[in-house]
Amino acid sequence: MGISSRFAQEHHPVQESTLSDLSRTDLQSILRYMLLTRGLEERLETLFKQGQIVGGLYRSLGQEGTAVASAWALGDGDWLAPSIRDMGALFVRGLDVRDMLRQYTARGTSLCVGKDSTTHFTVPELGLLGPISPLGTQLCVLNGVALAFKQRSQPNVCMTYQGEGASRTGASHEGFSLAAALDLPIVVWLEHNRWSFGTQSHKESAVADWLDTARMYGVPAESVDGNDVLAVYSASRTAVDRARRGDGMTILVAETYRMLGHAQHDAQKNAPPVELEEWRTRDPIARCEAELRDLGTTDEGLETIRDEVSLELTEAVDDVLSEPPPEGEDALTRVYDASELDPSVPWTRGPVSGYGDRTTHVVVVS
Amino acid sequence: MGISSRFAQEHHPVQESTLSDLSRTDLQSILRYMLLTRGLEERLETLFKQGQIVGGLYRSLGQEGTAVASAWALGDGDWLAPSIRDMGALFVRGLDVRDMLRQYTARGTSLCVGKDSTTHFTVPELGLLGPISPLGTQLCVLNGVALAFKQRSQPNVCMTYQGEGASRTGASHEGFSLAAALDLPIVVWLEHNRWSFGTQSHKESAVADWLDTARMYGVPAESVDGNDVLAVYSASRTAVDRARRGDGMTILVAETYRMLGHAQHDAQKNAPPVELEEWRTRDPIARCEAELRDLGTTDEGLETIRDEVSLELTEAVDDVLSEPPPEGEDALTRVYDASELDPSVPWTRGPVSGYGDRTTHVVVVS
Amino acid sequence: MSELRETTYLEAIRDAMAEEMRRDDRVFMLGEDIGVYGGAFKITEGFLDEFGPDRIIDTPISEAAIVGAAIGAAHMGLRPIAEMQFIDFIAPAFDMIVNFAAKSRYRTGIGAGIVIRGPCGGGSRSGPFHSQNVESYFANVAGLKMVAPATARDAKGLLTAAIRDPDPVLFFEHKFLYRRVKEMLPVGEEIVVPLGVARTHREGSDLTIVTYGGMLYKSAEAAEKIADEDGATVEVIDLRTIRPLDTDAIVASVKKTGRLLIVHEAARFGGFAGEITAQVCEQAFEWLDAPVRRVTALDTPVPYAPELEDYYLPQVDDITAAARWLLAY
Amino acid sequence: MSELRETTYLEAIRDAMAEEMRRDDRVFMLGEDIGVYGGAFKITEGFLDEFGPDRIIDTPISEAAIVGAAIGAAHMGLRPIAEMQFIDFIAPAFDMIVNFAAKSRYRTGIGAGIVIRGPCGGGSRSGPFHSQNVESYFANVAGLKMVAPATARDAKGLLTAAIRDPDPVLFFEHKFLYRRVKEMLPVGEEIVVPLGVARTHREGSDLTIVTYGGMLYKSAEAAEKIADEDGATVEVIDLRTIRPLDTDAIVASVKKTGRLLIVHEAARFGGFAGEITAQVCEQAFEWLDAPVRRVTALDTPVPYAPELEDYYLPQVDDITAAARWLLAY
Ligand SMILES: Cc1ncc(C[n+]2csc(CCOP(=O)(O)OP(=O)(O)O)c2C)c(N)n1
Ligand SMILES: Cc1ncc(C[n+]2csc(CCOP(=O)(O)OP(=O)(O)O)c2C)c(N)n1
Ligand SMILES: [Mg+2]
Ligand SMILES: [Mg+2]
């Protein structure tokens, strides 16, 4: 409730560019969101080293372009379902960086009120469906959102992201297969970042061309340079328009690279230096800046963007660190929905009286 | 135990034809096994109408050729994992028709001692791995058999069958994906028989060419006329040899048709008459007989085969119907393996004494 | 006051869904062979014609995807009913139910008001994979509700309540009762039976039998037998909802009778009788005049042959014997 | 008589597997990131080098396929160890475990002697999907065994026994204990602790606490506290194996003390305490001087924030309070 009202004000609709190529202002915003993502992750890393982060921290260094430029192709009322590595897409859709900080620092003010972390939140007001840890499941659930669009003949689309590792799960296959069978308005980014946790993906699969894994479902599929925001945007744009027209799902394979370990605890020491070197030269931010220079944006102009982002982040970190953690008893709330409960139903009364210790709760409603 | 010793005598190794085309004797045997399959299923249908069958009965009318001719390509020590519709393959591998009769009539003498039905048995002596009802799971388990071959560098291969419906399950995808990743010696027949229970498969999936679903795993795949035993055999042969050479999995798509309902209770009334008509002209048995006539087999020759098969079936049915059902208490046996149990471990003593009723069993071992 | 019609347990389930879909266009169904074919048990016969392919959705064989799509649709305010062709096939959707559906509201504040329903239970010679009772797999999962109706009225009323419930409900239909259990019900009239409230099926003062689903009838038969032959009265409580549990009803009855027998069709070890026993010990220990007993199936899978399945399943004689043992204690 | 070395719970698990793989070439492992990477918790560090890629198999992310391959290999006489990166991810393999592995021997006579192991439990601020205790999901499944060691010696001895066991064993390693629990163990010496036998961790005569896994230490601490402050002696029984259950040990202790407190980390409703309570009621009712009580986590998912998780988890004070309530009863 509190959440939704907050977003009521904050949510700034993303303008829909009608042409499949981007204006310079579009591109500047895309750069801004990429910088915001990388900058935030760097702050989070510092906080992690200071012991201010609860649990794991997952970076998207080198992949910011796929998340940001793809989300840019969505319009009002569309839904987006990020993996834990697609933070950038969330900001494009109107999420406040504070909300990611609150998640990672387990604040009571976080979207999950401290009950879950990373991008594991669902915010209908912003059209965001979070993942759960078990991989492959999120696509299956997003199918239901797309199904609702279809049933209401509402011209909206869904976009989601999935790693090549996750694509080996049964849930992923069932999700793709059902989306294709029901012709759902969904765009799926298969993020081929060469890694799955601590293992290089080619060591865990016989797939030669990841595009084949997309083709099998009988829907349009395309392979894209995931570190080129222009390519990512236009592929997304085409797929989104196709879905919006009612022509169903598209699968896009992002060729990219996970430049850091799976999480902070993983030094990625098995990464071939040459590979890292090669991909460092394809950094999406550097390439986007080059594009903008070609379009006439000055170094001062780029400086300004960097400074604004940095300022925004400093303020956000200060704000969030001063926010309170949750109260222990809040662990008991919202297991079930209390609003529609009939008080004459015994169990809704909650804690069993008797022993007076908190372990005798039978069922708890909010 | 009893089972294995029985097979010790009965198991007649399948001769390996070295050429990828079949001799006339081979083809006559293949015809014989197809007739045996169809004949047995007809007897079972009669028994079903007489109320002698326990549970459901699943026929393979029109698909006998795929099962029989594919199994013909296997050699000694190879393993085969049938679906409930691949009975024919089991006979090729040395199973007695009585064993199928015992299963369907729930005899105590059945391979599952009355605890399960259809082809749900596993017989290491014959290299047979049965399915369980939850679809897609069997391939995952067969992978382990192939893994054992690989670890022991034993030049054997596995063959299994899966319906297009089953191929939509998560388990199926995980099974294919792992088999390909580990380069396992497996041949999988994707039986595209146009139906999945009561629904035409094209109504439940967007797959245009089922070969695409095979291609995605990065292994060789081929589409085959499932009602042409020569085509089925030679495709199987090539795939089996490839696997035996150590070159991994092959996926073969059998284009065929389920000529009857899912089970006895399903009249398949939604089947388009034209479709049925068209496929009736492609009956694998009729086509195999034609082949044999071309090869010089006389009508008398074919008659003899039919008569032998019919005699064998009559005897088998008489034998099995005179066999006893299981004893109720046998429901308690072989939940755990007793042979390696330490009698000093309390729970191995079985029933809890006290109330003296049979519901107080805690854990039961054989 | 609408006319009464003899309604089977199966028809009651069909009516609940059809009537609720007519009342509320947010309600829709998805599952395997529910459309063109009309469902493995013909429960959705005619639904495709009446409600159309957008609300009666034939899916691929993919239980995880079916449940997943239901969750997402519920997030959007729809009220999906996901059919498992047999409840045994809920197993491939286990992760989706336990980790996504059950924890959604707790983690994100957004609920997953879905119904997952399907035929459970033994007695129809269907073997290990078409006869299971799966409630114990989910009994420890906070966020879920579980319902197991025994009568036609309850089947209709509980399913209607389940469809309207804002949280995920697993609805277990005992297939042995589908066509065997009948009741006169008002045609087309809304019946709502609240979740979490048990029903006293038969009053008694000497012993309490707590049961649910398919075992209600064998329990009642045993109670009848004891009334006739022993002159003792047995109170039979039909839980109807397994989670949340109507502990108050159980405790009240035990405080009256002092003796408790729990009967369920699922296997014994780790079965749901344990939770009931624990709660009764916590809340009515001083009132117990005898040990809490349970009559259940054996600790084995469900065997296929009639001789084996009959031995495996709890029978009236088992219930009667345990009840007499308790009465004599 | 080999030298003793301080061995952590984690090292004990590593040693059990390494030593058994050296002894028996039928033993091998498969799982995600166990090879090149050495495992999410570095348990299999160095295994790939010593045992090679045929016995230390990195798989795709596919728990059902991992368990399936283990079953098939077991059918062939091998002794597979399947690692779940976190035990929470056993959920996608639920169908494979419950329907294929558990029922295989019963249906076909061919067993599935596999070990499925992985880190369970809370306390490490890992949120709802990396902290679960999953024993209750499987408690009602005949054909399975479940083990939850609390000490380094038991971790090594029970895992060795599990690997040699001819039936499927789920082996739950409490990740909070991995590096916190240490013990002096003989280097390279075989330790076998039979499945199904509980261990009396601490003798006492006034109250019995039955527990397992991560809760052993909090229970022992509470017992200590009560001995010091109340002068009462509490017997602490570490089940070690959850299924099959060593009922004899529990019953013997309860007959001695007359009071039973069950402590587990999993949520309360439908948790394993129910089965223990039911069996004690059946076999030691007359010896009970007080209600059987349980201290468990709350009936919610496992929350992520430290403040919430600490409130969610059973704490020493909860155990002490419940124990005192029982002693005063
Ligand atoms: C079902 C399941 N098994 C295992 C894990 C543990 N796990 C978390 S992330 C990960 C690797 C994911 O790789 P990929 O899908 O390629 O995404 P990336 O990390 O490369 O973005 C694994 C194995 C999980 N989350 N879910
Ligand atoms: C996981 C699972 N869900 C549902 C079923 C019920 N079911 C049994 S057979 C079948 C159709 C199978 O179709 P297909 O795989 O094409 O095999 P076919 O019957 O055509 O040979 C279904 C849905 C099942 N056995 N397993
Ligand atoms: Mg990846
Ligand atoms: Mg088919």
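Small disclaimer: the values here were computed from a predicted structure and weren't measured. Convention: sequence-line order gives letters A, B, ...; per-chain numbering from 1. When reading the values below, keep in mind they use all heavy atoms of this one structure, side chains included, and skip hydrogens, waters and symmetry mates.
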Salt bridge between C/Arg268 and D/Glu275, side-chain N to carboxylate O under 4.0 Å?
no

Greatest number of non-hydrogen atom pairs under 4.5 angstrom with chain D, of C/Pro303, C/Ala273, C/Ala102, C/Ala93, falls to C/Pro303

Distance, nearest 0.5 Å, that separates CG of D/Leu288 from CG of C/Leu288:
10.0 Å

Close aromatic pair by centroid cut-off 6.0 Å: D/Phe94 and C/Tyr137:
yes

Compare all side-chain heavy atoms of D/Phe285 with those of C/Val292 and state whether any distance is below 4.5 angstrom.
no

D/His174 meets the side chain to side chain donor-acceptor pair (under 3.5 Å) criterion, sequence neighbours left out, with D/Glu265

With only heavy atoms counted, which part of C/Ile242 is less than 4.5 Å from chain D, the side chain, the backbone, both or neither?
backbone

For C/Pro291 against D/Cys281, the heavy-atom pair lying closest together:
CB-O, 3.3 Å

Quick one: closest heavy-atom pair of C/Pro128 and D/Lys103, and the distance?
O-CE, 4.0 Å

I'd like to know which of C/Ala91, C/Gly271, C/Gly274 tops the heavy-atom pair count under 4.5 Å against chain D.
C/Ala91

Would you check if D/Gln279 and C/Phe269 make a side-chain contact, meaning some heavy-atom pair closer than 4.5 Å?
yes

Hey, which residues of residues 60-67 of chain C are touching chain D, say heavy atoms under 4.5 Å apart?
none

Starting at OG1 of C/Thr296, measure out to CG of D/Asn140 and round the result to the nearest 0.5 Å.
8.5 Å

The interface call for C/Tyr329 against chain D, heavy-atom contacts under 4.5 Å, is side chain

Pick one of side chain, backbone, both or neither for C/Gln132, based on which atoms fall under 4.5 Å of a heavy atom in chain D.
side chain

Gap separating the CG atom of D/Asp88 from the CG atom of C/Asp95, nearest 0.5 angstrom
9.5 Å

Could you look at C/Ala284 and say if it's the side chain, the backbone, both or neither that has a heavy atom under 4.5 Å from chain D?
neither

